[in-house]
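Below: one structure, written as structure tokens.
As the structure is a computational prediction, the values presented were derived from the model and not from experiment.
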Amino acid sequence: MDHNSILSGMTSFGASAKEICLNTLGLSADNINENVIVSPGWPPERLFNADNITQIVRSSPLFGYKIWNIKCSNIDISYINTGFGAPVMLDALLLLGLTKCRKILFVSSVGGLSPEIGIGDIVIPEYSASGDGASRFLSDNLLDDTFGEKQYPNIGLFKQLVNETKEICDKNSVKWHSGKTLCTDTIAAQYNHLDNIVKMGYNSIDMESAAAFKAAKTMNISIAALLQVSDNSIARKSLMSSYGSKEEQEYRIFVRNEILPQIIKNMFS
């Protein structure tokens with residue numbers, strides 16, 4: 001399935017591209033910048049000074065997306081909080097194909113699945129494998145089994161992100177990891193499968209990045225993902241518990257507040 005078939009599918013039932021944007025994103029397509037950050041749950045205040053943030057959509061029709069405009073080093077960035085799960089993320093990326101968006105940085109939390117990956121560390125997925133149901137709707141045959149299908153970031157953007165991350169992390173004694181990430185549709189039910197997921201070769205787990213990669217490629221938009229480790233169930237630090245020591249949480253806050261903003265700034269400069 002390609003860009004044109006997605007666009008023709010969305011407009012074939014009587015809606016124009018203008019109407020689609022207004023009734024899903026909650027704004028005109030012209031209000032979305034070429035540079036976009038998407039996050040399932042992080043508010044922009046985690047990464048940017050509040051003086052540089054302007055909210056333009058509080059809750060969009062149909063999906064409830066929250067959208068801000070960000071000024072970063074004289075670069076205008078659109079920031080979209082989609083909500084959690086592959087379906088709303090996938091639709092956000094497909095809808096961005098109706099706008100002038102050309103570059104996306106996916107920013108979120110990720111679960112570690114290796115003892116080497118600590119809470120607060122950075123993960124940059126070299127690929128994210130589909131364990132979600134939404135991604136299969138981008139296949140030509142809806143009945144194809146897409147579980148485990150690897151989705152890749154844009155190679156140029158991925159290399160830039162790795163270079164920027166390595167340079168900044170080395171200067172600040174922060175650990176980063178190349179991610180082999182599985183995307184799941186569930187948090188509560190994933191725990192019974194974690195041992196097998198690790199045996200399959202994955203070192204991290206999230207819910208949306210595979211769908212984001214696949215949708216962005218379909219819509220001819222460059223994308224890469226910058227993730228921070230929130231938990232590590234293999235190390236018995238579950239997302240559903242009071243996980244992590246005081247030192248780990250302080251490190252996590254430092255990386256989130258000081259290191260990630262530097263990386264993002266360099267990616268859009």
Side-chain angles (χ1 to χ4, degrees), residues 1-11 15 17 20-42 44 56-57 60-68 70 77-110 124-125 127-140 146 149-158 161 181 183-185 206-227 264 267-268:
M1 194 169 293
D2 59 18
H3 175 266
N4 290 328
S5 64
I6 292 292
L7 294 182
S8 63
M10 284 194 286
T11 58
I20 291 170
C21 285
L22 289 173
N23 289 306
T24 56
L25 296 174
L27 43 65
S28 169
D30 293 337
N31 293 127
I32 296 292
N33 295 298
E34 290 187 13
N35 298 302
V36 175
I37 294 173
V38 295
S39 179
W42 286 19
I56 55 176
V57 177
S60 74
L62 194 60
F63 293 103
Y65 297 139
K66 300 175 183 178
I67 305 177
W68 297 261
I70 311 289
I77 301 171
S78 295
Y79 190 110
I80 303 177
N81 186 307
T82 63
F84 296 101
V88 288
M89 178 60 67
L90 181 141
D91 279 349
L93 272 289
L94 297 182
L95 294 166
L96 286 173
L98 296 169
T99 75
K100 57 180 179 287
C101 171
R102 291 296 174 265
K103 181 166 76 173
I104 295 173
L105 190 60
F106 175 97
V107 179
S108 187
S109 299
V110 67
I124 301 175
Y127 66 79
S128 293
S130 298
D132 64 276
S135 294
R136 71 188 303 161
F137 280 82
L138 295 181
S139 302
D140 290 326
T146 61
E149 185 178 79
K150 294 179 180 178
Q151 309 299 338
Y152 293 89
N154 173 269
I155 186 62
L157 204 58
F158 171 77
L161 181 56
T181 306
C183 291
T184 175
D185 264 340
D206 80 346
M207 300 186 75
E208 302 91 2
S209 60
F213 288 173
K214 190 170 186 177
K217 182 178 180 181
T218 300
M219 304 311 283
N220 300 321
I221 301 173
S222 297
I223 190 171
L226 177 64
L227 310 178
I264 292 169
M267 288 297 295
F268 288 109

Do [X] and [Y] have side chains that approach each other closer than 4.5 Å (heavy atoms only, starting at C-beta)?
X      : Y      : answer
Leu25  : Ile20  : no
Ile70  : Ile37  : no
Leu161 : Leu226 : yes

Would you please test Phe63 and Asp91 for side-chain contact (heavy atoms from CB on, under 4.5 Å) and show each step? CA-CA 9 Å; Phe63 293 103; Asp91 279 349; 3.2 Å; yes

Does the [X] side chain pair with the main chain of [Y], one donor and one acceptor, at a distance under 3.5 Å?
X      : Y      : answer
Thr99  : Cys101 : yes
Asn154 : Gly156 : yes
Ser60  : Thr24  : yes
Lys103 : Glu34  : no
Asp185 : Gly133 : yes
Ser39  : Trp42  : yes
Lys100 : Ile32  : yes
Lys214 : Ser135 : yes

Flag the pair Glu149 and Arg136 as a salt bridge only when some basic side-chain nitrogen lies within less than 4.0 angstrom of an acidic carboxylate oxygen.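 Salt bridge flag = no for Arg136 with Glu149.
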
Out of curiosity, Ser108 OG to Leu227 CG, how far, rounded to the nearest 0.5 Å?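 One finds 6.5 Å between OG of Ser108 and CG of Leu227.
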
Reported SG-to-CG distance for the pair Cys21 and Leu27, which is rounded to 0.5 angstrom: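 So the gap between those two atoms works out to 7.5 Å.
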
side-chain contact (heavy atoms from CB on, under 4.5 Å) between Tyr79 and Lys66, intermediate numbers included: CA-CA 8 Å; Tyr79 190 110; Lys66 300 175 183 178; over 6 Å; no

Kindly give the heavy-atom pair with the smallest separation between [X] and [Y], and that separation in Å.
X      : Y      : result
Ser130 : Gln151 : OG-NE2, 3.5 Å
Gly83  : Val88  : O-CG2, 3.6 Å
Pro40  : Thr82  : CA-OG1, 3.5 Å
Trp68  : Asn81  : CZ3-CB, 3.7 Å
Ile77  : Asn33  : C-ND2, 3.5 Å
Leu90  : Ala134 : CD1-O, 3.7 Å

Steps toward side-chain contact (heavy atoms from CB on, under 4.5 Å) verdict (Leu62, Asn23): CA-CA 7 Å; Leu62 194 60; Asn23 289 306; over 6 Å; no

Can you spot which of Leu157, Asn35, Val36, Ile80 makes a side chain to side chain contact (heavy atoms under 4.5 Å, CB included) with Ile104?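 Option passing the side chain to side chain contact (heavy atoms under 4.5 Å, CB included) with Ile104: Val36.
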
Would you check, one step at a time, whether the test side-chain contact (heavy atoms from CB on, under 4.5 Å) holds for Leu94 with Leu138? CA-CA 10 Å; Leu94 297 182; Leu138 295 181; 4.1 Å; yes

